[in-house]
Amino acid sequence: MRKVFVILLAVSILAGCMDMETQPPSLPTATEIPFTSTPEPDPVTPTLASPSETPTATVASDDFFTQMEIPLPEPICNGLTKKQTEGPYYELDIPERNSLIEEGMQGERMILVGYVLDQNCQPLPNALLDFWQADANGEYDNVGNRLRGRQFTDAQGRYYLETILPGIYPSRPIEHIHVKVRPAGGDDVTTQLYFQEQSIDGLLRPSDGLKVRVEDKGDYLLGYFNFVVQP
Ligand code: FE
């Protein structure tokens, strides 16, 4: 009996060894597989674009008119805007801007608005307006660009200028703003705008249709003037 048990045990062990040899090698478990996926790129710290690169919505001119609650009246055209002398203080290469107001600037704040129109009273988009004026003391900045600025009319032919009421100076005892208007593809029209009914020295003629219609809004003056030019 003992002999039979030993034989059976031996057969059993031999069979076990044969099973081990015929079994396919087991696949490595997940934990054994080396992780060879593409390494993650180094994290990149997001950087803020510089102010000049930051996309900003262009503030349309109509935003200004809407925000300031300044509706422009339907234009009435009575001939071309009269030309006047350029004077000695015109400068080239002045900055493009709608506001000439600077911190600490003295003077009564004024907003000048209107259209640039053709002879048929049709608005002229993209017309150049070039403004220059004296400060509240009647002095021009002939070194820098103070109280000088150029701009283009918007798609509706409108412009707006934030400035101050200019002062007078001995040779021109009347408030005035110089301006050149150039319709797209057209020639310059050089003139001056006035704020009084009567000229003082007899040489200035605001009655030539160059007087700005002014409304006192309390904390600022609102001036309306439309230019009529030949495109
Ligand atoms: Fe002047």
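Residue numbers start at 1 and run along the sequence shown. Counting starts at 1 for both ligands and their atoms, in listed order.
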Exceeds 12 heavy-atom contacts within 6.0 angstrom, atom CG of Asp216: yes

Nearby protein N/O/S atoms (those under 2.8 Å) for the Fe ion (ligand 1), with water ignored: Tyr140 OH, Tyr169 OH, His176 NE2, His178 NE2

Transitive ILVMFWY side-chain link Val179 to Val214, under 4.5 Å: yes

Crowding at CD, Glu102 (>12 non-hydrogen neighbours, <6.0 Å): yes

Linked, directly or transitively: Tyr160 and Trp132 (ILVMFWY side chains, under 4.5 Å): no

Stepwise side chain to side chain donor-acceptor pair (under 3.5 Å) test for Asn142 and Arg148: CA-CA 10 Å; Asn142 296 311; Arg148 298 174 185 272; 3.1 Å; yes

Shared hydrophobic cluster, Tyr169 / Leu147 (ILVMFWY, side-chain heavy atoms < 4.5 Å): no

